[in-house]
Every structure is written in structure tokens, then in C-alpha cells.
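Heads up, the thing below is written out as C-alpha cells.
Hydrogens, waters and symmetry mates play no part in the numbers below; they use all other heavy atoms, side chains included.
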Amino acid sequence: MTRFSVSGLARVAVVAAALVAARAAAATDSSEPQTDMKPRYGLVIHGGAGTILRSELTPELEAEYTAALSAALDAGYAVLNSGGTALDAVVATIRILEDSPLFNAARGAVMTADGVCELDASIMNGIDRSAGAVAGVRRVRNPIVLARDVMERSKHVMLTGEGAERFAVTVGHELVENSYFQTELRRRQLEQAKEIEARESKESAALDEKQPAFSEFVHKSTDDTPDRKFGTVGCVALDQHGNLAAGTSTGGMMNKRFGRVGDSPIIGAGTYADNGTCAVSSTGHGEYYIRAVAAHDIASRVRYAGDSLPDAARKTIDELGAIGGTGGVIAIDRTGAITAPFNTPGMYRGWRLSDGETRIAIYAD
């Protein structure tokens with residue numbers, strides 16, 4: 001039989017008590033990681049970049065833009081905050097911006113030389129780099145929703161024009177008349193664009209005809225607020241599960257011809273998402289963003305050069321500027337780091353993060 005002395009039992013009790021006390025102290029030590037803390041998550045949005053000057057935007061219109069951006073942020077953040085996916089948050093956010101006549105996407109889109117609205121959109125899932133896009137659609141109320149359907153309900157990445165609209169019908173979209181997207185403001189802008197073009201050059205149907213820069217298509221009368229942004233809306237998001245997604249939607253370039261398509265529906269140029277690096281949405285002069293493969297370029301700098309997200313995005317914007325490209329990008333990485341650089345006087349933008357950081361901004365300062 002094993003025997004314990006009183007002093008031995010006392011020592012055992014003291015040691016046991018000390019261990020209990022140590023464990024209790026560790027459990028309450030604020031320096032210990034808290035296993036119930038949620039990872040950082042959130043989203044960033046843009047509504048176009050360009051010559052957006054404080055002196056030329058009335059307080060009333062500035063308030064309208066701020067309210068629209070706030071509503072979009074709230075819609076996307078509500079999805080993320082409830083545990084929803086980054087992909088769902090991107091769609092919820094961009095739908096708000098597409099439905100607003102303030103932005104050049106869906107309702108409120110700029111018009112082609114033929115006086116119609118042609119819409120482009122794309123979306124990408126950072127989990128597996130699946131993607132979907134549509135270009136040149138004229139009757140789809142929310143192109144970002146159709147882009148997601150292309151990704152999830154077809155074997156393709158991009159569908160265009162009438163074919164994309166036929167697909168839309170097969171998956172349950174109700175088509176609308178093109179007049180739904182058109183606004184009186186955009187009609188006046190188109191008239192001005194044509195007047196500028198007529199003054200500057202003779203009409204030509206040649207494919208290499210030089211179109212005036214979008215920044216020239218402005219309504220200068222005092223009763224119309226200048227709208228020189230390169231019109232695109234976009235969203236990038238990181239959800240609570242650590243997954244990234246990005247989406248972009250646009251009406252393209254004012255007075256465009258020949259079935260012109262910009263960067264917004266092109267994966268790697270206007271939109272890119274990869275859980276291993278970041279999610280990016282672009283806005284600007286699309287031809288340059290296509291040539292630079294801008295969105296993918298940012299992700300590549302993060303992956304291969306080890307750049308921080310802000311450094312990577314700024315380098316890409318600087319290189320775009322060096323070849324004549326203007327505009328900006330928004331991006332978020334898997335840690336929740338965000339950035340929104342641009343090389344124009346302004347960019348409609350905003351972000352909301354789970355640590356409480358929320359901001360909406362318009363001007364460069």
C-alpha cells in the first residue's frame with residue numbers, strides 16, 4: 001500500500017492549486033489570442049474616376065452621390081456581417097449602383113453613337129478563380145447578375161450581345177426596353193459629344209478614327225453638373241471565411257462605335273480576384289487597362305514581387321499613367337488591407353471594414 005505523509009499531501013495540494021491559478025490567469029490574460037474573435041472582413045467600392053472637381057459639383061449632387069455610395073456599402077456589408085460570401089456581397093453592392101441613375105452602369109449608362117445603351121460587366125470568385133462576364137448587352141436590367149449566371153450556370157466565361165441576352169432569358173432574366181437605362185442627362189451629353197466631334201474632325205467610318213477623349217464629353221452649361229468621370233462601378237470584398245471576390249459594371253464610353261468593348265468585362269484587365277493575392281476592380285480609360293492587364297498586374301506584383309497591396313496598386317497606376325492611361329483601381333487582400341489609388345482629380349469611392357473603419361470620398365484631397 002502506498003503511503004502519503006501529511007506534508008507530502010500538503011505539497012501536492014499547493015502545487016495543484018498553483019496550477020489551477022495559473023490556468024485561470026492564462027484564461028483571463030488579455031495578451032492571449034481570443035479564439036472567438038472574427039477575422040477582419042469588409043469591402044471597397046468605386047463609382048468612376050475622372051475630372052471630378054469640388055468647384056464643379058453642387059452640394060446637392062455631392063450629397064446624392066454620397067447617399068448612393070453609402071447605400072451600396074450598407075447593402076454589401078450587411079451580407080458580409082451576417083456571414084455571407086464575398087461573391088454575394090459584390091453582387092448586392094453593384095446592383096445598388098446599377099440601379100442608380102447617377103452612375104454610368106445599367107440605369108444611367110452613357111449612350112453609343114447610335115443613341116442606345118450597351119452594358120458590360122464581369123465578376124470573379126477568389127476561391128477558384130472562376131469568372132463570368134457579359135459585353136454589349138442592351139436589355140439586361142442588372143448585368144452584374146447575368147455575369148454571375150454566366151460564371152455559375154454556363155460553361156463559358158464571357159457572352160456578348162444578343163447571345164448573352166438569349167442566355168439571360170434561359171436562366172430566368174426578364175428583359176427590359178433599352179429606354180429603361182437612358183436618362184435625359186445622358187442624351188444631352190451625347191449631343192454635346194457629337195458637337196465636339198463635328199468641330200474637331202470630319203466624320204469618318206474608318207476603324208482607326210480618333211474619338212475625342214471621354215473627358216471632353218462634358219455638359220458645360222451652368223444647370224448641368226460636369227460629369228467627366230470614366231463611368232464604371234465596382235466592388236471588391238473579403239468575407240469572414242477569408243474568401244475574396246471582385247465585380248465591375250459599366251455603360252462604357254460615351255459616343256462609342258463599332259461594338260467597342262472596354263476593360264470592365266475583361267478578366268485580368270477590369271476585374272480580378274484570387275484568394276492567394278487580392279481582389280481588384282478598375283475604372284478608367286479601358287484601352288490602356290486592357291493593354292496593361294491592370295487588375296492582374298496588381299495581383300502579380302503581390303504574388304511574385306512580394307509587394308504590399310498599396311505599393312502594387314500604386315505602381316500599376318503609375319505605369320498606366322506613363323503610357324497615357326487615366327483612372328484608378330480599388331483592391332483588398334486576404335488580410336483585409338485595402339487601397340484605392342487613382343491619377344485623376346477625383347474618384348467616387350468608399351469602404352467599410354469590420355474594425356469599424358468606414359469612409360466615403362470623392363476628391364483627390
Side-chain angles (χ1 to χ4, degrees), residues 46 86-88 90-91 93-95 97-98 104-106 109-110 112 116-173 175-176 178 181 207 230-236 244-253 256-274 279-300 327 329:
H46 70 73
L87 205 62
D88 286 340
V90 165
V91 173
T93 300
I94 292 180
R95 286 188 67 168
L97 299 174
E98 286 182 335
N104 175 19
V110 299
T112 70
V116 298
C117 297
E118 289 185 347
L119 315 171
D120 309 327
S122 63
I123 194 167
M124 189 167 186
N125 190 345
I127 296 175
D128 57 2
R129 286 185 283 184
S130 56
V134 294
V137 296
R138 298 184 175 189
R139 301 185 61 196
V140 178
R141 182 185 295 268
N142 290 110
I144 192 65
V145 178
L146 183 58
R148 182 175 184 175
D149 284 334
V150 172
M151 176 179 69
E152 296 181 337
R153 306 176 69 177
S154 83
K155 298 179 180 179
H156 311 296
V157 171
M158 179 183 288
L159 299 179
T160 66
E162 293 182 4
E165 291 176 357
R166 290 200 301 271
F167 170 75
V169 173
T170 67
V171 294
H173 288 252
L175 301 184
V176 299
N178 195 257
F181 306 107
L207 288 176
F230 295 96
T232 300
V233 303
C235 176
V236 294
L244 296 166
T248 313
S249 180
T250 189
M253 181 179 286
K256 63 185 178 182
R257 294 181 178 80
F258 316 123
R260 180 263 184 188
V261 175
D263 65 305
S264 295
I266 298 178
I267 300 303
T271 301
Y272 193 75
D274 176 12
V280 182
S281 175
S282 307
T283 174
H285 195 151
E287 280 70 11
Y288 292 93
Y289 281 72
I290 294 170
R291 288 160 56 186
V293 202
H296 185 266
D297 187 58
I298 293 169
S300 293
V329 299

>> Using the rule given for side-chain contact (heavy atoms from CB on, under 4.5 Å), can you reason through H173 versus R141, listing the C-alpha separation, both sets of side-chain angles and the distance that settles it, and then say yes or no?
In response: CA-CA 8 Å; H173 288 252; R141 182 185 295 268; over 6 Å; no
> Could you state the interatomic distance from CG (L244) to CZ (R129), rounded to the nearest 0.5 Å?
Replying inline: 12.5 Å
> Hey, what do you get for CG (D128) to CE (M151), rounding to the nearest 0.5 Å?
Replying inline: 8.0 Å
> Testing V176, L146, D149 for side-chain contact (heavy atoms from CB on, under 4.5 Å) with V140, which one passes?
Replying inline: L146
>> Using side-chain contact (heavy atoms from CB on, under 4.5 Å), reason through V145 and V91 one step at a time and then give a plain yes or no.
In response: CA-CA 7 Å; V145 178; V91 173; 4.1 Å; yes
> Can I266 and M158 be said to form a side-chain contact (heavy atoms from CB on, under 4.5 Å), step by step?
Replying inline: CA-CA 8 Å; I266 298 178; M158 179 183 288; 4.3 Å; yes
Just by distance, do the side chain of [X] and the backbone of [Y] share a donor-acceptor pair under 3.5 Å?
{"X": "R153", "Y": "V171", "value": "yes"}
{"X": "N125", "Y": "S130", "value": "no"}
{"X": "E98", "Y": "I144", "value": "yes"}
{"X": "N104", "Y": "V110", "value": "yes"}

Nearest non-hydrogen partners of [X] and [Y], listed with the distance:
{"X": "A295", "Y": "G270", "result": "CB-C, 4.2 Å"}
{"X": "I267", "Y": "Y272", "result": "CG2-CD1, 4.4 Å"}
{"X": "P265", "Y": "V134", "result": "CB-O, 3.4 Å"}
{"X": "D263", "Y": "A269", "result": "CB-CB, 3.9 Å"}
{"X": "V329", "Y": "S282", "result": "CG1-OG, 3.8 Å"}

> So does E162 have more than 12 non-hydrogen atoms from other groups sitting under 6.0 Å from CD?
Replying inline: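 Counting neighbours around CD of E162, 12 or fewer heavy atoms of other residues, nucleotides or ligands fall under 6.0 Å, so no.
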>> Please enumerate all residues that pass side chain to side chain contact (heavy atoms under 4.5 Å, CB included) together with S264, with sequence neighbours excluded.
In response: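 For S264 the side chain to side chain contact (heavy atoms under 4.5 Å, CB included) partners, ignoring immediate neighbours, are T232, T248, T250.
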> Given the rule in the side-chain contact (heavy atoms from CB on, under 4.5 Å) test, do V169 and L175 qualify, once you have shown the distances and angles that lead to the verdict?
Replying inline: CA-CA 7 Å; V169 173; L175 301 184; 3.8 Å; yes
> Is E287 paired with R260 through a side-chain N to carboxylate O contact shorter than 4.0 Å?
Replying inline: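 Here R260 pairs with E287 in a salt bridge, since their nearest N and O are under 4.0 Å apart.
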>> What I want to check is whether the side chains of T112 and E118 have a donor and an acceptor closer together than 3.5 Å.
In response: no
